[in-house]
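Notes follow once the structure below has been shown.
Keep in mind it's a predicted model, so treat the numbers as computed, not measured. Numbers here simply count residues along the sequence, with the first being 1.
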Amino acid sequence: MQTLDSTSCPAMVIVGAGHCGGRAALALRAAGWQATIHLVGDEPHHPYERPPLSKDLLTGDKTAEACALLSDADLVDARITRHTARVTAIDAQAHCLTLSDGQTLAYQSLLLATGGQVRTLRIPGGDLPEVMTLRNLGDAAVLAQRLTPGQRLLVVGGGFIGLEVTASARKLGCEVTLVEGASRLMGRAVPEPVAERALALHRARGVRVLLGVNPQSITRTATGVRMDLADGNSIEADTVLAGIGIEPDLALPQAAGLAVGRGVLVNAHLQSSVPGIFAAGDVAEFPSVLSGQLVRQETWHNAETQAAIAAQNMLNGEQASYASLPWFWSDQYDHQLQVMGEPALADHSATRTLDDAGGMVIFYLDADSRLVGACGWGETSRVAKELKLARTLVEKRITASAELLADPATKLKSLLSHGK
């Protein structure tokens with residue numbers, strides 16, 4: 001077994017070579033860390049952004065290279081040592097970890113940015129080759145080859161990934177059926193009025209959407225596969241896409257003695273329960289800046305912003321707190337959905353019409369009329385400016401009446417001066 005660093009030559013080690021891990025490595029170097037940085041991940045690709053997986057990569061509007069955060073040259077220039085391997089064990093007391101290739105790495109500080117594992121269909125036939133998931137570049141490349149005009153795609157899951165893939169497949173000329181076990185799309189992630197608009201949009205674009213039904217089994221047929229549903233009906237398809245979310249793999253941090261819940265438990269500084277070990281991105285469960293309640297977020301924004309805070313605290317100890325408000329978006333056809341802040345904390349809301357084509361933003365306010373969240377929807381070209389202003393208002397946590405926010409005559413820009 002080869003040890004690449006000794007305690008006399010400390011290193012920063014990042015486990016997880018995705019978006020968050022890649023950004024953290026660059027942030028460490030930019031902040032002045034001069035010694036070794038190890039970036040460990042078992043995916044063969046260098047760090048890249050994941051949002052295009054369900055959209056531009058499938059439609060051919062973007063290449064895998066265009067999604068990359070780091071190239072070979074960037075790694076060399078930043079002096080980041082990339083390991084394509086899994087971490088098999090962490091020895092928190094000795095400040096070292098073991099890789100699947102037998103090497104060990106000693107660390108001064110360790111960041112876990114391991115993301116999550118895609119959920120699969122745990123039903124008979126759920127492991128057939130025609131049943132796919134979408135989590136990485138390899139998945140996107142294989143799925144894209146199957147999305148040709150006239151192909152029958154069956155999407156399981158009415159969340160963001162399922163709906164984005166559905167929109168991409170329709171753009172490519174596929175016949176699409178979407179099955180969702182709940183009574184509406186996007187569950188608790190968005191309010192019902194927005195979910196209803198999204199449903200109407202997909203149906204208008206030719207998607208067959210079935211709500212309140214669950215898959216029971218999948219079998220091969222002479223022309224593809226057949227999914228039998230719990231209501232007794234069945235659907236024929238060429239490809240099945242399971243878009244039912246991810247879950248963090250907590251076996252490694254648990255074995256290392258870290259406290260875990262729905263993710264690796266960290267404080268406001270992204271420090272875990274074990275000194276010297278931090279967690280960020282999809283895998284981290286952290287206190288909300290608004291409520292103090294523990295939350296876990298699977299968003300581009302979360303990976304991007306937590307990487308910088310984690311890197312700063314890996315270098316300097318627990319000095320910087322993570323204070324960014326949640327924000328995510330979803331592009332579907334020529335429409336965009338955005339959610340900002342934490343709508344669940346609201347005492348009441350105000351709905352504002354943005355245009356005459358179904359565009360809207362719902363503002364969420366607490367008992368003191370302070371803005372704690374917003375959710376917007378509409379044709380991207382028509383509502384982008386208003387949604388950007390809405391996000392700024394949420395970030396500033398302005399105070400305004402529901403009547404003022406709902407009134408289309410009120411210019412959102414005029415509210416920027418309202419104090420917290």
Side-chain angles (χ1 to χ4, degrees), residues 53-55 58-59 116-135 139-140 142-247 298 330 332-333 335 337 377:
L53 293 178
S54 56
K55 294 167 283 193
L58 294 183
T59 60
Q117 298 180 116
V118 67
R119 292 191 177 100
T120 58
L121 288 176
R122 297 176 181 175
I123 59 175
D127 56 352
L128 288 173
E130 294 86 355
V131 182
M132 303 187 59
T133 56
L134 182 60
R135 181 60 180 167
D139 295 338
V142 175
L143 181 59
Q145 292 177 348
R146 302 181 68 93
L147 299 184
T148 55
Q151 287 291 294
R152 301 166 299 171
L153 175 67
L154 171 55
V155 176
V156 180
F160 300 112
I161 292 296
L163 292 173
E164 289 170 3
V165 171
T166 292
S168 297
R170 287 297 297 143
K171 180 179 179 179
L172 294 167
C174 298
E175 298 177 11
V176 186
T177 299
L178 184 143
V179 173
E180 166 57 49
S183 60
R184 69 177 180 90
L185 300 177
M186 295 181 283
R188 291 174 294 178
V190 303
E192 190 164 356
V194 171
E196 289 175 349
R197 281 167 169 75
L199 174 62
L201 175 66
H202 282 275
R203 284 179 168 163
R205 298 297 172 96
V207 181
R208 180 188 180 197
V209 181
L210 305 178
L211 300 175
V213 291
N214 289 296
Q216 291 288 89
S217 64
I218 304 171
T219 54
R220 269 212 176 104
T221 68
T223 59
V225 294
R226 185 187 72 247
M227 176 179 286
D228 293 323
L229 304 176
D231 63 2
N233 291 312
S234 63
I235 303 168
E236 300 276 344
D238 300 299
T239 302
V240 177
L241 187 281
I244 52 177
I246 67 168
E247 53 191 5
E298 301 166 3
S330 175
Q332 299 170 31
Y333 308 104
H335 283 57
L337 178 155
W377 165 267

Output, in order, the C-alpha distance, side-chain angles, deciding distance and verdict of side chain to side chain contact (heavy atoms under 4.5 Å, CB included) for Val225 and Val131. CA-CA 9 Å; Val225 294; Val131 182; 5.8 Å; no

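- A donor atom on one side chain and an acceptor atom on the other are not found under 3.5 Å apart for Gln151 and Thr239.
- Paired with Tyr333 under the rule side-chain hydrogen bond (donor to acceptor under 3.5 Å, both in side chains), one option of His202, Arg170, Lys171 passes, and it is His202.
- Applying the salt bridge (Lys or Arg N to Asp or Glu O under 4.0 Å) rule to Arg122 yields the partners Glu247; only residues at least two apart in sequence or on another chain are considered.
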Show the atom names and distances, to 0.1 Å, of all donor-acceptor pairs under 3.5 Å that link a side chain in residues 207-220 to residues at least two apart or in another chain.
from, atom 1, to, atom 2, distance (Å)
Thr219, OG1, Arg226, NH2, 3.3
Arg220, NE, Glu130, OE2, 2.9
Arg220, NH2, Glu130, OE2, 3.3

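- With values rounded to the nearest 0.5 angstrom, Ile161 atom CD1 is found 7.5 Å from Leu53 atom CG.
- Rounded to the nearest 0.5 angstrom, Met186 CE and Leu199 CG are separated by 9.0 Å.
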N/O donor-acceptor pairs under 3.5 Å from side chains in residues 173-183, not counting sequence neighbours:
from, atom 1, to, atom 2, distance (Å)
Glu180, OE1, Gly158, N, 2.6
Glu180, OE2, Ala182, N, 2.8

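- Using modelled atom types, one side-chain atom of Asp238 and one backbone atom of Arg152 make a donor-acceptor pair closer than 3.5 Å.
- Here the shortest heavy-atom pairing between Asp228 and Ser234 reads OD1-CB, 3.2 Å.
- One distance of note links OG1 of Thr148 with CG of Leu153; it measures 10.5 Å at 0.5 Å rounding.
- Side chains of Val156 and Ile244 form a contact here, defined as non-hydrogen atoms less than 4.5 Å apart.
- Side-chain atoms of Ser168 do not come within 3.5 Å of backbone N or O of Thr59 as any donor-acceptor pair.
- Of the possible polar contacts, none joining the Arg203 side chain to the Gly206 backbone as a donor-acceptor pair under 3.5 Å is found.
- Taking CG from Leu185 and CD from Gln332, the interatomic distance works out to 8.5 Å, rounded to the nearest 0.5 Å.
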Give the intermediate values and the outcome of side chain to side chain contact (heavy atoms under 4.5 Å, CB included) for residues Leu121 and Val240. CA-CA 10 Å; Leu121 288 176; Val240 177; 4.3 Å; yes

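- Of the inter-residue distances, the one linking Asp139 atom CG with Ser54 atom OG reads 12.0 Å to the nearest 0.5 angstrom.
- With rounding to the nearest 0.5 Å, the separation of NE2 in His335 from CG in Leu201 is 5.0 Å.
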